[in-house]
Every structure is written in C-alpha cells, then in structure tokens.
Amino acid sequence: MLAQDGPLVGELRAAGVETTVAPLAILRRGELSPRGLLRLGLRIAASTGLAAGRGVSLVHSNTSVTLSGPLAARRAGVPHVWHVREIYTERIWPVYRTVLGTAAALPCVSGAVRAQFPDRSPAVVLGDGVAVLGPPIALAIPAIPAAPASPVAADASAASADPAAVDGPLVCTVLGRISPWKGQAVLLRAIADVPGAIAVVAGDAWTGQEHRERELRDLAATLGIAARVRFVGFVPDPRELYAASSVIVVPSTRPDPLPNAALEAAAAGCCVVASAHGGLTEIVRDGETGLLVAPDDPHALAATLRRLAGDRGLCARLGAAAAADVRARYAPGLLLDRLQALYDDLLTGRD
C-alpha cells in the first residue's frame, strides 16, 4: 500500500506486486486540530481494512509515524514491523517514540537511528541494501566534449580536459534536496577557500521552497565564487554526476540517518567526504574508505578538499576501498536475508 500514485506504483505492478494506493494516517502536528483529527480518522478507516480483508500474516510500515500500520495490524491480529528511517528532532518525539514502541519489531537503518530508543525496546539495526548502478568508476573526470549531450557535463564545462592532473580543478558534488540541513551552503563556503575548485549542486528544493536555491546563488555571488558553482537540478541517473566529479560531498549539518547520497556514491567507487555524525560515520570509515569532517564547519571541509586537490591518488584509493567495503556491508542480499529472519522470528508459532 502506497500513500500516493507515482513511478513506484507502476514499477511494482509491472513486477507483479499487488499494489494499492490509499491515503495513510500519518501523525503530524498539523493534524492536532478538530478538522485534522477528523481527516486522520477517515484515513485510518480507509487504510486499515486491507490487512484484515486479505488475511495477511504481518504488516510492515515504512518510515513516517503512520497510524495506519499499527491499527491495521491490530485489526488483523498480526505482528507489526515498523521500519525506522529517521532521526527525530521534534519536540513531539516522546509521543512518536511511545507510538513506535507498540510495534513487535523496530528495524532501524543505522546505529544512529537505533540509539534513539531505550535498550529494552524492540529496536534492531537493519542497514539498507545499496543500489549499485554500475561497476566502480574511474575517479578522474573525463574530458568534457565541446557540445555535451548531458546537462551535467554542460554545467561542468569549466573542467579541464585533463582534470586527473594535480593542477586540474577539483569538482565537488553535493546531491540531494536543497535544504539548509543538507549543507549545500557549507560546501559553497568551503569552496571559497579551495582555489580553482568547482562546486556542483545537484537537486531541487521542495515545492514552495524555491527560494532556497536563490539563497544559495546569492551566497555564491557574495563569496565571489559564482563562476565556480554549477546548479544542475535533479539528475535522474547519478552515474553522470559520479563520472563528472572528483569528490562527492555529504555536508549534512544535522545527523543524517543513512543517506543514499553517500551509500550509492561509495558503492560506485567515488571518494566521499562527509560530516562526522549520524549514519555517515557508519558508511564512511575515516581515512580508509572516505574522509569525515566536523559538521557545519566550512573551514574543516575546505582543509580536507585542499588535501584531496593536491593528492588525486588518495581520491582514487579511498574510492576503490569504499566500493569494496560498502558493496559487501550493504549488499541487497544481506538486507533480504536479515529481513526474512526477522519475519521468521515474529511468525514462529503463529501457524
């Protein structure tokens, strides 16, 4: 069951997975009003009957604090698994934690996520499986053609024909939604202290938050680096970015649970530089498979990028080590085996 229509619905149905689209009852502060509670009740009624009607053995809820999952499981009389993919910072977190604690199991995508729960809770670490999009790539940025077909290549056109050379530009890419806590501004401030380096900002702001990109463009102009910053928007195939980048930077200013931006880039053989908190410290082994820097510290990030600009061999070694390490620790098969084992434990003796 998915909360809204979209590309995933078609992909699941094409794979033969029975898929239903229905509004889910998600617990948000905005629902704590008479009208919001009525809307919540209608969504609960619409989404909880499926489990009982289909005779399911288990209900598995994903990410947000949705009331549809636990109530559907209770109505069907089956175990409820609540997959936790967030590090909660809201004041309402104690309420969230109480609701989440009603689940039979709480698989968490990282140890940083698991740390939010007391030891006696049913929370366990169950890392994601990484989507490997292709073989590890060479970290040297290929020559940019005069009339590139790719918008990424076009926006990275300032790169030299031989950026693998020590004196070539260091292309530093940040992927993800444009948001203050994703740290795009931290990267721009760092780039100002890395002579000749290029920053590529890949991603869009949420609808209604378009001013975030304008603020970044204004910051680049204020820092005097507008000519060295490329805004390329959302890029469907990140392999284009990997091939055009020297370094993938994940400068989150608050703890990130287990960002795919770091996982997928590392699996592709990229050199990853990331903030030293949250799930990033579990993905990146500092000095072995990437480099960690103090969060929200442009000066520390700039120092690390200057180091890499002068040692492209280090970029290559870290990227190669990351590909081997992340592909092994976050292999999709491991996720499936561990998830099946969790299901088996919950269902033993129920038949």
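Heavy atoms only: backbone and side chains are in, while hydrogens, waters and symmetry mates are out. Just so we're clear, the structure is a prediction, and the values are computed from it rather than from any experiment.
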| remark: One should read off an interatomic distance between L263 CG and L280 CG, to the nearest 0.5 angstrom, of 9.0 Å
| field | Donor-acceptor contact present, side-chain Q116 to main-chain E86, <3.5 Å | value | yes
| field | Residue list, side chain to side chain donor-acceptor pair (under 3.5 Å) with R212, at least two apart or on another chain | value | Q209
| query | Any side-chain heavy atom of L305 within less than 4.5 Å of one from L187? | reply | yes
| task | Flag the pair V171 / R230 as yes when at least one side-chain heavy-atom distance between them is below 4.5 Å, and no otherwise. | result | no
| query | Mind checking whether F117 and W93 have ring centres under 6.0 Å apart? | reply | yes
| query | Atom CD in E264, atom CD1 in I248: separation rounded to 0.5 Å? | reply | 11.0 Å
| note | The reported gap from CZ in R329 to OG1 in T289 (rounded to nearest 0.5 angstrom) is 6.5 Å
| query | Is atom NE2 of H211 surrounded by more than 12 heavy atoms (other residues, nucleotides or ligands) closer than 6.0 Å? | reply | yes
| request: Determine, using the 4.5 Å side-chain heavy-atom cutoff (strictly less than), whether F231 and L223 are members of one ILVMFWY cluster. | output: yes
| said: Looking at R306, I want to see if its CZ is surrounded by more than 12 non-hydrogen atoms of other residues, nucleotides or ligands under 6.0 Å. | reply: yes
| Side-chain touch Y330/E282, heavy atoms, less than 4.5 angstrom | yes
| task | Give, for atom CG of L106 and atom CG of L126, the distance between the pair rounded to the nearest 0.5 Å. | result | 11.5 Å
| query | What residues, two or more places apart in sequence or in another chain, satisfy side-chain contact (heavy atoms from CB on, under 4.5 Å) together with A197? | reply | L170, I191, V194, R228
| Can you tell me how far CG of N62 sits from CE of M1, rounded to the nearest 0.5 angstrom? | 14.0 Å
| field | Approximate separation, where rounding is to 0.5 Å, of R74 CZ and T102 OG1 | value | 7.5 Å
| Any side-chain heavy-atom pair of V109 and H83 under 4.5 Å | yes
| request: Could you tell me whether a side-chain N or O of D297 sits under 3.5 Å from a main-chain N or O of H299, the two making a donor and an acceptor? | output: yes
| Is V229 close to L216 at the side-chain level, that is, under 4.5 Å between some pair of heavy atoms? | no
| remark: D204 and G233 have their tightest heavy-atom pair at OD1-CA, 3.4 Å
| Hey, are D311 and R307 close enough for a salt bridge, meaning a charged N less than 4.0 Å from a carboxylate O? | no
| task | Evaluate the side-chain proximity of H60 to Y343: yes if any heavy-atom separation is below 4.5 Å, no if none is. | result | yes
| query | Same cluster or not: are V125 and V130 linked, directly or through other Ile, Leu, Val, Met, Phe, Trp or Tyr residues, by side-chain heavy atoms under 4.5 angstrom apart? | reply | no
| Heavy-atom donor-acceptor pair, T281 side chain to G278 backbone, under 3.5 Å | yes
| According to a 4.5 Å side-chain heavy-atom criterion applied to Ile, Leu, Val, Met, Phe, Trp and Tyr, with indirect links allowed, do L342 and L58 form part of one hydrophobic cluster? | yes
| task | Taking E11 for its side chain and V9 for its backbone only, find out whether a donor-acceptor pair lies under 3.5 Å. | result | no
| Taking all non-hydrogen atoms of both residues, which atom of V78 and which atom of V56 are closest, and how far apart? | CG1-O, 3.3 Å
| message | With a 3.5 Å distance limit and no angle check, can you tell me whether S110 reaches the backbone of V113 through a side-chain donor-acceptor pair? | response | yes
| message | With a 4.5 Å cut-off on side-chain heavy atoms, are V201 and E213 touching? | response | no
| query | Mind checking whether P257 and R85 have side chains closer than 4.5 Å, heavy atoms only? | reply | no
| field | Main-chain N/O of D344 paired to T348 side chain as donor or acceptor, under 3.5 Å | value | yes
